[in-house]
Amino acid sequence: MYVYDDFDRAFLTERNAQFRAQVARRIDGSLTEDEFRPLRLMNGLYLQLHAYMLRVAIPYGTLNPNQLRQLAMIADRWDKGYGHFTTRQNIQFNWPLLTDVPDMLDALAEVGLHAIQTSGNTIRNVTSDHFAAAAADEVADPRPYAELIRQWSTDHPEFQFLPRKFKVAVTGSPLDRAVTRAHDIGLRMVAPDAFEVIVGGGLGRTPMIGKVLRDRLPAADLLPYLEAVVATYNLLGRRDNKYKARIKITVHENGIETIRDLVEARFAEIAPTFDAAATAAQLARIQRDFTPPVLVARPLPTATDPAFRAWADTNLHPHRDPSHAIVTISLKAHGATPGDASSAQMRLIADLAEAYGHGEIRISHEQNVVLPHVARADLPALHQALKTQGLATANVGLLSDIIACPGMDYCALATARSIPVAQELATHFDALKLEHDIGPLKIKISGCINACGHHHVGHIGILGLDRAGVENYQITLGGDGTEDATLGERTGPGFAYDQIVPAIERILRSYLDLRTSPEETFLMAYRRVGLTPFKAALYDADLSDAA
Amino acid sequence: MMTQTVHIVTANALLSGEVVYLTAADHWSADLQQARAFADKPLAEAASASAARRVAEVVGCYVTDMRQTAQGLTPTHFREDFRRRGPSNHAHGKQAQA
């Protein structure tokens, strides 16, 4: 993975010293909150419902064991012994004291991590495929390009005050595991040296699937082209209305053809000003840091443990080398908070990554941890070790592998809780012993219209709202965040907090009744029959608590 | 005692971010039951505006409604109830202090 050079280290040291001084000036009253707020947000520090929250970027979801151990140390020393992995491959600490944050940032810098541009109207942490460089279906490793984009966008002077936040996702596979079509810019490698550029996707208040801006962009043109896109948005994007300020609205209001013409004109103008040779040299330097590990095939042990076999059925993904597997470590034990990891769990994962995974760790946008290169010969031992910290739940891709934003348990923007809904769904269906029978299913829960829980692209999406002072949950069905990206369709009136789990059960019992075979997944069945039978199951029973 | 709606001033403490309430003694308390209850909303808003100027103590002052009952002050909205109690998934925040 990318190793910081002297420039990176000096930049972070200086930046952290600046923020330390800003915090001191805020505490001694020299800065008002209005003056301090944009400064703290530029450094990833939010004020949430109960405390400050520090959001740390995990660039394109890649960590090494030392970094994860440092996150565990930070959780123990300055937080409450855990961290929360988010749908943008970040980690959030929910309880820091303002006075401790400068020390936390220095501790992050020691291992090449930071919280810069994890907030504010700027280009955010670049996300990527959590199976990058390991998946059998990949065209090329997208992470060197993601790192190049990170370097280009960090502290970019022209893009620190965009109309709104700006999110970029990159994938190197035709199978989209990075939800590229729901990002401001989605980049999909169509060849080792070319990208399809998608623009104007996004969820939130006005969900939209991104449109293709360029179907084949030479990789050598990536930075000037991205600069042209963001510069075009910076000029055209609306600053009069926060809810119409994202690039998806800019594309919608101006039309993709107009945007394309403007981007191409700007690109033609600025491309000659980019030093292509310097960029190529920097990319080559980055690519050297992403040299794939040497994989050695070893004889497979005999695995008779049924718990291991169940785990292997759900939590493994094919590796490009058949003697290896990609392991997803579920952070969704039934009843646990999706995405939370204790410091002890983080340390164990770091140790296991060293012992069995060539020292590579990924954080997925689905709030799980991935060991991308594990020899199949080591899988039983890995599984045994994971059990010691409650990390061997066999549920990846199943009902209880739920994405949930922090919701009103933490977030100041939330309109309802998400976490307890996820917890109750997981424990309820675990008790019913139905989730393996139901099969592949993606439930995604957001605690407000901003859609951090990606509910629009959940096979079942749940959106928590405040309806006249009462938590109320709307359901959408049929969403899909993959290469077939689709927005879910709202079923109708929402459900009260104590009715949402029974409502989801009615949907899923209806699915079990109408599917043609166990091979027909929920999403396949939904696409075949549409909304009608599920609406009937939801509302005809007259059990709904209509909003 | 009859239940009635009253108004209180709340904010987050500058250093910890903890939810705090303005007391009758013009201090900040982490305990909702120590909050000064204003029967008159404009008075509460004036107190909030004044408290908000104490920038080295708190962030984000505002006025919110509470129910005054025989058992004390009770939030009228679930958001304030969560602020009062702490998160529902971990016994952290105010739950840990209880």
Side-chain angles (χ1 to χ4, degrees), chain A residues 23 26-37 40 45-54 79-82 84 94-101 335-340 342 404 406-412 414-424 464 466 468-471 497, chain B residues 3 5-22 28-32 35 48-67 74-98:
Chain A
V23 169
R26 175 66 184 95
I27 290 170
D28 73 16
S30 307
L31 291 177
T32 65
E33 184 60 20
D34 283 348
E35 290 165 331
F36 180 62
R37 187 171 177 274
R40 68 169 161 78
L45 185 63
Y46 288 73
L47 182 57
Q48 298 279 68
L49 217 54
H50 312 289
Y52 288 96
M53 179 272 281
L54 182 65
D79 208 88
K80 292 186 184 293
Y82 76 101
H84 176 75
N94 285 321
W95 302 95
L97 301 180
L98 178 58
T99 42
D100 288 338
V101 173
T337 301
D340 274 12
S342 69
M408 200 180 270
D409 283 304
Y410 296 91
C411 179
T415 45
R417 288 171 295 171
S418 304
I419 291 169
V421 175
Q423 291 173 306
E424 199 177 332
D466 175 350
V470 178
E471 288 173 292
Y497 178 79
Chain B
T3 296
T5 299
V6 295
H7 316 284
I8 64 151
V9 177
T10 183
N12 291 81
L14 172 65
L15 298 186
S16 66
E18 184 178 11
V19 174
V20 290
Y21 305 97
L22 188 66
W28 296 101
S29 171
D31 179 3
L32 172 61
S48 176
S50 173
R53 286 194 284 274
R54 291 148 62 173
V55 296
E57 298 174 15
V58 292
V59 180
C61 263
Y62 63 94
V63 174
T64 187
D65 292 351
M66 291 283 155
R67 230 174 268 116
T74 308
T76 58
H77 192 280
F78 60 87
R79 186 177 194 274
E80 290 303 324
D81 202 23
F82 299 144
R83 288 182 81 239
R84 176 181 66 92
R85 284 188 319 206
S88 54
N89 61 327
H90 292 299
H92 291 158
K94 292 190 185 302
Q95 296 168 73
Q97 296 153 14

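The figures that follow rest on heavy atoms only: side chains count, while hydrogens, waters and symmetry mates do not. Here the structure is a predicted model, which means the values were calculated and not measured. Per chain, numbering begins at 1; letters A, B, ... match sequence-line order.
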Heavy-atom cut-off 4.5 Å, strictly under: side chain, backbone, both or neither for [X] against chain B?
X: Q48(A); value: backbone
X: P96(A); value: backbone
X: R26(A); value: both
X: A422(A); value: neither
X: V23(A); value: neither

Tell me whether D409(A) contacts the main-chain N or O of S88(B) through its side chain, where contact means a donor paired with an acceptor under 3.5 Å.
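Yes.
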
Is a donor on one side and an acceptor on the other found under 3.5 Å between the side chain of Y52(A) and the backbone of E18(B)?
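Answer holds: no.
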
Heavy-atom pair of closest approach, residues [X] and [Y]:
X: A56(B); Y: I27(A); value: CB-O, 4.1 Å
X: R83(B); Y: H50(A); value: CA-CE1, 3.8 Å
X: F78(B); Y: T415(A); value: CZ-O, 3.3 Å

Between H90(B) and Y82(A), ring centroids under 6.0 Å:
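Yes, the ring of H90(B) comes within the 6.0 Å limit of the ring of Y82(A), centre to centre.
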
Less than 4.5 Å to any heavy atom of chain A: does that hold for the side chain of V58(B), its backbone, both, or neither?
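Backbone of V58(B) only, per the 4.5 Å heavy-atom cut-off to chain A.
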
Any side-chain heavy-atom pair from [X] and [Y] closer than 4.5 angstrom?
X: L97(A); Y: L15(B); answer: no
X: F82(B); Y: R417(A); answer: yes
X: V55(B); Y: F36(A); answer: no

Looking at CG of L49(A) and CZ of R79(B), how far apart are the two atoms once the value is rounded to the nearest 0.5 Å?
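Separation between the atoms: 5.0 Å.
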
Spatial distance of atom CG (L47(A)) from atom CG (N12(B)) [nearest 0.5 Å]
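The CG atom of N12(B) is 4.5 Å from CG of L47(A), to the nearest 0.5 Å.
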
Are more than 12 heavy atoms, taken from residues, nucleotides or ligands other than R85(B), located less than 6.0 Å from that residue's CZ atom?
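Above 12, so yes.
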
Any chance the side chains of D466(A) and H77(B) put a donor and an acceptor closer than 3.5 Å?
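Yes, a side-chain donor-acceptor pair sits under 3.5 Å.
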
